[in-house]
Each structure stands twice: as C-alpha cells, then as structure tokens.
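Just so it is clear, the structure is predicted and the values come from calculations on it, not from any experiment.
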Amino acid sequence: MKHSKKLKYSVLVGSIVAAFPAITLAQAAQDKNVQRVVVTGSNIKRVDQETASPVQVLSRQEIEQSGAQTVAQILDNLTSNDRGAISDLGGTNSWASGATGVSLRNLGTGATLVLLNGRRLSSYGFADGLQSNFVNIDSIPSDVIERVEILKDGASAIYGSDAVAGVVNIITRKNYRGVGVKASAQQSLKRSFLDRERKASIIGGIGDFEADGYNAFAHLEVYSRGKFTDRQVRPLLPDWFIRMNPDRDATSTGSIPGNYVGRYPANYHDPALAGKSINVAAPGCAPENLRGGLCFYDYWQDTLARAPAERVTFLGSGRLRLSGDTVAYGELQLAKTRNNYNTAPPRSNVTGVPLSWYDSISGKMQYFTDPKLPVGHPNNPYDFPIGLNYRFADDRDMFKNVGSSEQFRALAGIQGASFGWEWDGAIGHMGSKARQRQHLYRDRYGYYDAIVSGAYKFGQQNDRALLETMFPEMGSHGEYRQTFLDFKANRELFMLGGGPLQLATGVDLRHESFEHQSSDNVQAARIVQFSGVKINGSRKVAAAFLELGAPFTKQLEASFAVRGDKVIDGAGAVVPKLGLRYTVNDMLMVRGTVSKGFRAPSLPETGNGGASWFNNGYNDPKRCAAATELRNILNTGNAADKNLALTAYGLGCSVSFPSAVTPNPDLKPEYTNSFTAGLVLQPIRALSFTLDYYNIKRRDEIAVKSIDQTLANEDRLAGLVERDPLTSQDLDIARRAFELSGKTVSFPVGPIRTIAAQYENYGKSRVSGIDLDAKARWNLGEAGTLNLGLELNRQFKYQSWDSFAKTYTENYVGYRDKPRTRAVAKMSWERGPFVAGLRANYTDSTKLAWGVLDSTSSIEGCEDRGVSAGECHIASDTTVDLWTRYAFQPGTTVSANVFNLFDRKAPVKLYPGSSLPLRSRTLMLTVEHKF
C-alpha cells in the first residue's frame, strides 16, 4: 500500500486522514503526476484517501510523540481500543502466556484483524482462552513502522474472517538507504525500578528504488522490560488498596520449618489431649517469623508484580524492478519473545481435603490428598501421623512460569500492470511456536514418596534433582502454521459522471494448522490440580472477492464489495458491503456503510480433543454470605484464627475450581451486521472534523456459558454445576467459629467440583457509539507551526446475550472497564529543528461493578464491605504527557517524553483484586542517528 509523496493535505495533522475530499481532488487535478494509493478497507487504488468507511492513520511522527515503545503501547493510545485484550503483563495464569492481542469495540481479539503491510500475520502458537486464534502484536517491531491505519468499520467483504470490529494495518518502511541506529530508555522518576524499559534498533539499506530500480533493507530491534516484586512495591501501595486487599500484608503458615496441624486421636491415651486440635510451629522457626505460636513466611518477596520481558524482532524487505511496471518483492519477519512470571515457592497444605481437578484427556475427575508425616518420620515428634504445613523454598528461583515464542513470516510476490490491469500476487509461509514451562505444581507420585519416605529433608537444603522429582517441569507447547497464495487485480472499466468505474477482484488460498498440547506428565494426570489440553486441527480455505468503486457524479460515489470464503469440506460464508459518500459542498461530506461480517470458527473451537483449566477468584453465590460471616467471627480470635479467616473467606468469595470444554465440529461462523454513518466537515481550510456513528450486531456467537452466569443460575439448569459434599475443612471452620461466638454458622452447600461445557453458537452481542476526530494546523510564520487534535470515542451500548433469560443483558457501558467516553487531546508546536507537544488522555468515570452479576461491587455489595455509596464508583481519570525533540546536524535527533507530567495518582478502585495503583511520573530519553 503506497502513499504518494507528492500528495499534500493542507488540513491534515500528522498525516491523519481527515481532510475534505474535494480539496484533495482539486490538488490532484493540479498535479498530473499524483499516484493512486490503496487505502485500508479497499482493494481499489484512488487519489483520494477519504472513503465511505472511517479510517484513522497514525503517522510515524505521532507514534514518536506518544512515546510508545511497542506496538501494544501504540494501539493502547487508540480511543477505539477497549484495552480488554490479553496482555503479556498479566499472562501468568493465561493459556496464551507471553503474548498481547488487540480488541476494538469490546468485541475481543477474534473480532479484530491485524495486518502487516496489507496481509495477514501468523496467529500465536497458543489460542486466547483456548478458543480464539489471535496475532501476538509483541512480535512486530515498532521502530520500522511508517504508519498505522485503523479501519473503524467491518471489512469481512474485503479481508474475510475476523474483520468484524475493525482492521489494524501496520505499514512499515518501503525504502531505506544507509544505516540508522536508535536507542531509548525509560524509568519512573519516583522509583527507578518502576516502568523500566529499554529498546535499541538498527536498520541498514542499500539502493534507491526510484533511481536504481532496487532497494533492500534489514531492521533489527531489541526490547527489554524490567521487573519488580510485590514486596518491593508494598511501601508504595495506598491505604485504600490495602483496605481492599488485606492479603497484601498477609504472610503464610506454609513456612520454614513449618507448622504442625491436625488433631490428637479421639482415643488418645492422654484423655486431657484426646480430640484436641494441633496448630503449633515446628522447632527452629526464626524469632522474627514467630507470632502467636505459629511460624510464618512472606511469600510476597518471591512473586513478581511486574514480569520482565525480552524480545528480539527482525524485518527484512526488498524490491526489484524487473521491467517497466513489473516489480518483484520479498519480506521476512522474525521474532523471539520471552516472559518470566516468578511465583512463590509451593507449599504443603495438609487439610485432609482432597485436591481435585478434571482430566479432560481421560474425561475423569482426579483427586490427591496431601500426605501426613507417618509415625517414625524424622520430623514427626508425635506417636500418630501429623500434618506439616511447609514452604519448599530450597531454590526460590526455580519456581517461575516461563512463556516463550518464536514467530516467522516469509513471502515473495510480484506486481505489475498489463492489458489494462494492475495486479499483485504473492506466496508465503508463516508460523508461530509457543512454549510455556514452569516448576510449581507437585507430581502426585514423586511428591508423595519424597514426603512419606523422608527423602525430603525438612528445614534443610535439598538438591535440585529431588526437587525436580517433586515439582517437575511441566506446561504446554503450541504451534500455528499457515501457507498462503493470493492474487488480486484492479482496473478501470468505463467512465461515469464523476470518473471511471473501477473494479478489483482476487482470490486467496490458505492452509492452516494448529496444535496445542500439554506436557506428557500433565496428560498422564500426574500433576496435581493442573488440567490438560490436547487440541489439534487443520483446514484449507478458498476465498474470492469482487469490489466496485462507482463515482456516479462529482458529488456521489458508491462502493460495493462481496466476498465468499469456504472451508474445504466445511462451513462457508458470503458477505457483502455497500458504502456511499456524498459531497454536499466545499465544506461538508456525508458518508455511510452497511455490511455483513463473519468470524470463522477457530481451529481450537472445531478441532479434535478437549481442554480443561482451573478458574480462580470466583464468587460462589451459594457460599459467599456464609464465608463473609465466618471471616468476621474468626477475625475476633487469635493469630491462627485471623489467618484462618482469610481461608474461610476464600472458600466462598474467592473460590477455585476446574472447568472443561470440548470442541464442536458442527459450529457455524459468527455473523455480524454493521452500520456506520458519518460526516467530514471543513469549516475553514486549516480545520477539519470527522464524526462517525457505528452499530455492530453479532449473532451465532461461539462461546460457552460464562462462569458468573452459570453460578447465578445454578438451580435453573440442574447438573451444570457439580458440587462435592461439605469438606472436613468446612466443618472445622464452622466448629471454630462456634467456639468463638456461640453461633452456628456453616456453609449451606459443598464446594464446586467442576463445570463442563461444549462450544455452541448461542451468543449475541451488540455495540454502538460515535468516533470524533478533529484536526487543526496553523502556520504561524516565523513562530513555527501549531497542530491541534482531538480523538474521542463515546460508547452508547454494549450488551451481551443472557442464555438463561433468552434476552440481551442490560447495557454494560458505564460499568467497570467499559467507560462511556475515552478521549485524547493533542497539541504540538514545530519551529525549525525543535518540536514540542502535549497529550492529554481522558477516561470517563464508571460504576465500581463490572456488571449486574457483580454482587460484591454493587451498591448493596459495597455497603456490606464497608464502602459507602459515594465511594462505590471509579472516578474519571486525566493524565498529561509532554514530548520534545531536537534535530541536530548532521543526522542526530534527541527526544524526551515525560509521561504523567503532573504525577496524577491512579484512580481509587474499592474492590478486591484491582490492578496495582503504581502510576507515577516517568521519563523516557531517545537518541537516533542516521549515518
């Protein structure tokens, strides 16, 4: 997709496409050499980039001004990006750890298509949520980006599957000569370890395409992100956060040398001790860790609040003019990423309650009970079996989750013109391998034998080989592969009243395969409480499209596209799109589109096998009220009781349990109906506005019923939730609460055993809102040039489908994570070699609850937690960033970014489990030189 260097837009700021098209056409008429270009969202070349569909363009200068170090940070600055996609920062418990996706319009990673130079990228080796194949945007180098084009409209009729909520087209440099180097570093001005990032890149190219007929360049980029532990940042956490998350100050009775737990036998030879509980520290506990007769361990010292990342990305590109208009080209993209998520060393937890997990490979529930120390064990001072709650911290650095991946894309193509057609075809191969490995979970046999036999020496340093037997390396690996062949061509057919009728057509052939498997020990159900996955599938897809651009008059232009995609021996989809734009006068243009879109079922959704996983931190509606009351009673007791209070609360209000899902080969594609309507207004030459309304309705959505909906409707669909009987731990907690208060308080039902489901086409969702884009550019003469800009997204509606009530849910816009308004205001001033700018980022206030099912953060739930109605919301948030740049001669540029210039604190969020409020003023320095 080439942009003419001769095309000038007097009303654009930073090359954003918001100009009035009549002005552009007038300029094009004055320059007969102006070239036609392809705009994202169309295959037809045109001299005017303003189409019926809204397209936002982020120029290289705007990207630099924002201070974005990575593609993820670039896209986070979009007001249309809901920021709800998977992120490598929070990937510890994710099935797709070590990767970052993008989601527009709150419709998920599977509804946003990401392109590199107009063509698809490889999906990540793991699927998001074991369901959606998505592009890991961390694998794309950022310093080589020329611009990013964001189509804020459905485009399945142009690009096929996934182009539902919009398209992100990342366009890299096409011509580079010489050698350039760039380095940047950033860190917080409050604590040096906060927000620490480093990046360096080098690019080298030979040949000038216009003069020499060839150009080739290679770009290499290295990025690293610093880490810090939860304990390091504890002094920085505000009181309100600790009030909501008191466990941040908690320590664990899983410690070194541990705590004995259990009961004297009912028939014990000493009647004074018979039946009494035991909860006492083992000998040798350090005095600073001893409280209330128990030994404690600070596990926050081992866990990372921010995971480190290391990435190396490469992009090579070359073009060679063969003859006339015929050009051969090639592209090679490589990436390697690694993320470390350090966790606390594992502990024993001898409660007598079996640990359970669902083995989706065998289709059976699995159980394991922590062993007690037998009579005669070197660490058992009693004459009956006793439990020892212990922390296995022999090698603390051993226990981490490492997510890594390798990605590539290689293509070769040829483009030219003949017989009145301009054509372009390419063949390529791409893929991604992902790997997740960790030492944390116990091997049911190796662990049991080491404890019971005495091979593991409590309180001593054990060798790594024994630890590997008890806590072996486990995890999963995944691989995605695609081979493709595409060809497209366009030409003018005949003249209409406003210009030539243009036709574009083409075909696309793809072969895709995907595999995701757990390690052998997980598949053999040896790893306690870790469920397995074994999914594989492949398919061949053929597609053809046709697109027409019809300027009926100088004022009215229509565009029409239709595309058919067919999985060989599988489902297919045919989707159309119609667009209209009308130039009212020299100041106003109106536009609109109507389209259908689709997302083909992913290979994880339709392939072979199945998967299961562990859900963490859910509210159990049938047990949370009792858990809260038990916690309050136990907090009136001694140190052991207060520690037990946290356990009691977690058993009802923050529960963990396995789920299982199986693929469904009979799934249909998801379909969408999209509508946009907008206008482009230019009241004066230096000022322009675009305003676009969007409305997307998605049906046949592929999903499993959400955990929250399932639990809230447990009694309406019998058998969906499986529960165990009340556990001995449940009974012990109730017994201790009775001893303290004299009240009989107990859990009404047992804990959740599992929830099982299969993918179905049952969901629906609908979203709507407006996008505003205002740009101004004033030439101040000797004083320089002033640029102003405003980007705003205001959401009107987001509703999903309640499969139990058979109706749409209430509108979730205005709830947590779905603010009604996001806006970015920008100002920059240029004078000679100096540029300076400000950027204000605004997010609207929201309710504290994420939705109607969030009883914990509703007005009533807030009151129960001691949060007033006035505090039961998240306030609006505004931050300001500063950017400056100075170009020295010859070829050296130095720039500085100050993020959060006024050091605004993160908004108060009075609910448990919110992200760490560690925002501070941060400085980034960048140096670039071209030889």
Side-chain angles (χ1 to χ4, degrees), residues 1 3 5 7-19 39-40 49-50 54-81 102 104 137 140-152 166-173 182 184 186 199 201 686-690 771-778 784-793 822-831 833-842 879-887 893-899 901 924 926 928:
M1 296 185 181
H3 273 265
K5 295 182 180 179
L7 200 58
K8 298 180 180 179
Y9 304 95
S10 60
V11 296
L12 294 188
V13 176
S15 301
I16 292 188
V17 184
V39 180
T40 298
Q49 293 190 12
E50 197 66 62
V55 179
Q56 178 184 358
V57 180
L58 297 178
S59 69
R60 181 174 178 80
Q61 182 177 7
E62 282 187 292
I63 294 170
E64 291 175 343
Q65 289 180 358
S66 72
Q69 291 266 60
T70 65
V71 172
Q73 292 172 7
I74 293 171
L75 300 183
D76 275 347
N77 289 325
L78 298 176
T79 56
S80 55
N81 182 359
V102 60
L104 303 180
I137 57 177
I140 306 170
S142 60
D143 282 347
V144 76
I145 293 174
E146 187 67 33
R147 65 187 184 278
V148 179
E149 296 182 353
I150 304 97
L151 176 67
K152 301 179 180 181
V167 178
V168 176
N169 189 9
I170 297 168
I171 300 171
T172 61
R173 295 180 176 185
K182 186 176 181 180
S184 60
Q186 78 168 47
K199 188 173 73 170
S201 64
L687 179 65
S688 68
F689 301 88
T690 65
D771 290 306
L772 171 67
D773 197 349
K775 305 295 175 186
R777 182 179 179 90
W778 280 282
T785 303
L786 179 66
N787 301 303
L788 299 175
L790 173 66
E791 298 161 14
L792 180 146
N793 172 256
R822 280 198 176 103
V824 175
K826 296 177 285 188
M827 178 181 69
S828 65
W829 173 64
E830 306 172 21
R831 187 173 185 272
F834 180 76
V835 184
L838 290 172
R839 176 189 181 95
N841 310 280
Y842 171 81
T879 60
V880 176
D881 304 329
L882 170 68
W883 176 74
T884 62
R885 184 184 69 186
Y886 191 86
T893 301
V894 177
S895 61
N897 293 76
V898 181
F899 305 107
L901 179 64
M924 183 177 77
T926 303
E928 185 173 9

Q: With side-chain contact (heavy atoms from CB on, under 4.5 Å) as the criterion, how do K826 and K775 come out once you've worked through the C-alpha distance, each side chain's angles and the decisive distance to 0.1 Å?
A: CA-CA 9 Å; K826 296 177 285 188; K775 305 295 175 186; 3.8 Å; yes

Q: Start with the C-alpha distance between L790 and F689, add both sets of side-chain angles, then the distance that settles side-chain contact (heavy atoms from CB on, under 4.5 Å), and finish with yes or no.
A: CA-CA 9 Å; L790 173 66; F689 301 88; over 6 Å; no

Q: Just to verify, what does E928 make a side-chain hydrogen bond (donor to acceptor under 3.5 Å, both in side chains) with, not counting sequence neighbours?
A: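 In terms of side-chain hydrogen bond (donor to acceptor under 3.5 Å, both in side chains), with neighbours along the sequence ignored, E928 is linked to no residue.
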
Q: Picking from R777, E62, Q65, what satisfies side-chain hydrogen bond (donor to acceptor under 3.5 Å, both in side chains) with N787?
A: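 Per the side-chain hydrogen bond (donor to acceptor under 3.5 Å, both in side chains) rule, the option paired with N787 is R777, out of R777, E62, Q65.
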
Q: Take V148 and V168 through the test side-chain contact (heavy atoms from CB on, under 4.5 Å) and record every step on the way to the result.
A: CA-CA 7 Å; V148 179; V168 176; 4.0 Å; yes

Q: Got a sec, which residues hit salt bridge (Lys or Arg N to Asp or Glu O under 4.0 Å) with D76, two or more places apart in sequence or on another chain?
A: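 Partners of D76 under the salt bridge (Lys or Arg N to Asp or Glu O under 4.0 Å) test: none.
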
Q: Sequence neighbours excluded, which residues qualify as salt bridge (Lys or Arg N to Asp or Glu O under 4.0 Å) partners of K199?
A: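 Testing K199 for salt bridge (Lys or Arg N to Asp or Glu O under 4.0 Å), a comparison that skips the adjacent residues, returns D143.
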
Q: Which atoms form the tightest heavy-atom contact between L687 and A776, and what is the distance?
A: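 Minimum heavy-atom contact is CD1-CB, 3.6 Å.
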
Q: Which atoms form the tightest heavy-atom contact between S895 and W883, and what is the distance?
A: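 Residues S895 and W883, closest heavy atoms: CB-NE1, 4.0 Å.
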
Q: For G166 versus L104, what's the shortest heavy-atom pair and its separation?
A: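 Closest approach of G166 to L104: CA-CD1, 3.9 Å.
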
Q: Rounded to the nearest 0.5 Å, what separates atom CZ in R147 from atom CG in L58?
A: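 One gets 11.5 Å once the value is rounded to the nearest 0.5 Å.
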
Q: Who passes side-chain hydrogen bond (donor to acceptor under 3.5 Å, both in side chains) against T172, sequence neighbours left out?
A: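 For T172 the side-chain hydrogen bond (donor to acceptor under 3.5 Å, both in side chains) partners, ignoring immediate neighbours, are N117.
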
Q: Give the intermediate values and the outcome of side-chain contact (heavy atoms from CB on, under 4.5 Å) for residues E149 and L151.
A: CA-CA 6 Å; E149 296 182 353; L151 176 67; over 6 Å; no

Q: According to side-chain contact (heavy atoms from CB on, under 4.5 Å), who are the partners of N841, at least two apart in sequence or on a separate chain?
A: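 Testing N841 for side-chain contact (heavy atoms from CB on, under 4.5 Å), a comparison that skips the adjacent residues, returns V824, R839, T879, D881.
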
Q: Taking salt bridge (Lys or Arg N to Asp or Glu O under 4.0 Å) as the test, write out the residues that go with R822, two or more places apart.
A: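 For R822, no residue satisfies salt bridge (Lys or Arg N to Asp or Glu O under 4.0 Å) once neighbours in sequence are set aside.
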
Q: Taking only residues two or more places apart in sequence or in another chain, which ones pass side-chain hydrogen bond (donor to acceptor under 3.5 Å, both in side chains) with Q69?
A: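 So Q69 forms a side-chain hydrogen bond (donor to acceptor under 3.5 Å, both in side chains) with S184.
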
Q: Residues two or more places apart in sequence or in another chain: which of them pass side-chain contact (heavy atoms from CB on, under 4.5 Å) with Y886?
A: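 In terms of side-chain contact (heavy atoms from CB on, under 4.5 Å), with neighbours along the sequence ignored, Y886 is linked to P833, F834, F888.
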
Q: Can you give me the closest heavy-atom contact between I145 and R60, atom names plus distance?
A: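 The pair with the smallest heavy-atom distance is O-NH1, 2.9 Å.
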
Q: Kindly write out the residues that satisfy side-chain contact (heavy atoms from CB on, under 4.5 Å) with A68, not counting sequence neighbours, or none if the list is empty.
A: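 In terms of side-chain contact (heavy atoms from CB on, under 4.5 Å), with neighbours along the sequence ignored, A68 is linked to S66, Q73, I74, N77.
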
Q: Mind checking what makes side-chain hydrogen bond (donor to acceptor under 3.5 Å, both in side chains) contact with N793, not counting sequence neighbours?
A: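 N793 satisfies side-chain hydrogen bond (donor to acceptor under 3.5 Å, both in side chains) with Y694, D771 once adjacent residues are dropped.
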
Q: Checking L838 now: which residues fulfil side-chain contact (heavy atoms from CB on, under 4.5 Å) with it, not counting sequence neighbours?
A: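 Partners of L838 under the side-chain contact (heavy atoms from CB on, under 4.5 Å) test: M827, V880, L882, L901.
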
Q: With no hydrogens and no angle check, do the side chains of Q186 and N897 hold a donor and an acceptor under 3.5 Å apart?
A: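 Absent: no donor and acceptor within the cut-off.
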
Q: Indicate the atoms forming the closest heavy-atom contact of M924 with G67, along with that distance.
A: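 Smallest heavy-atom distance, with atoms named: CE-O, 3.5 Å.
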
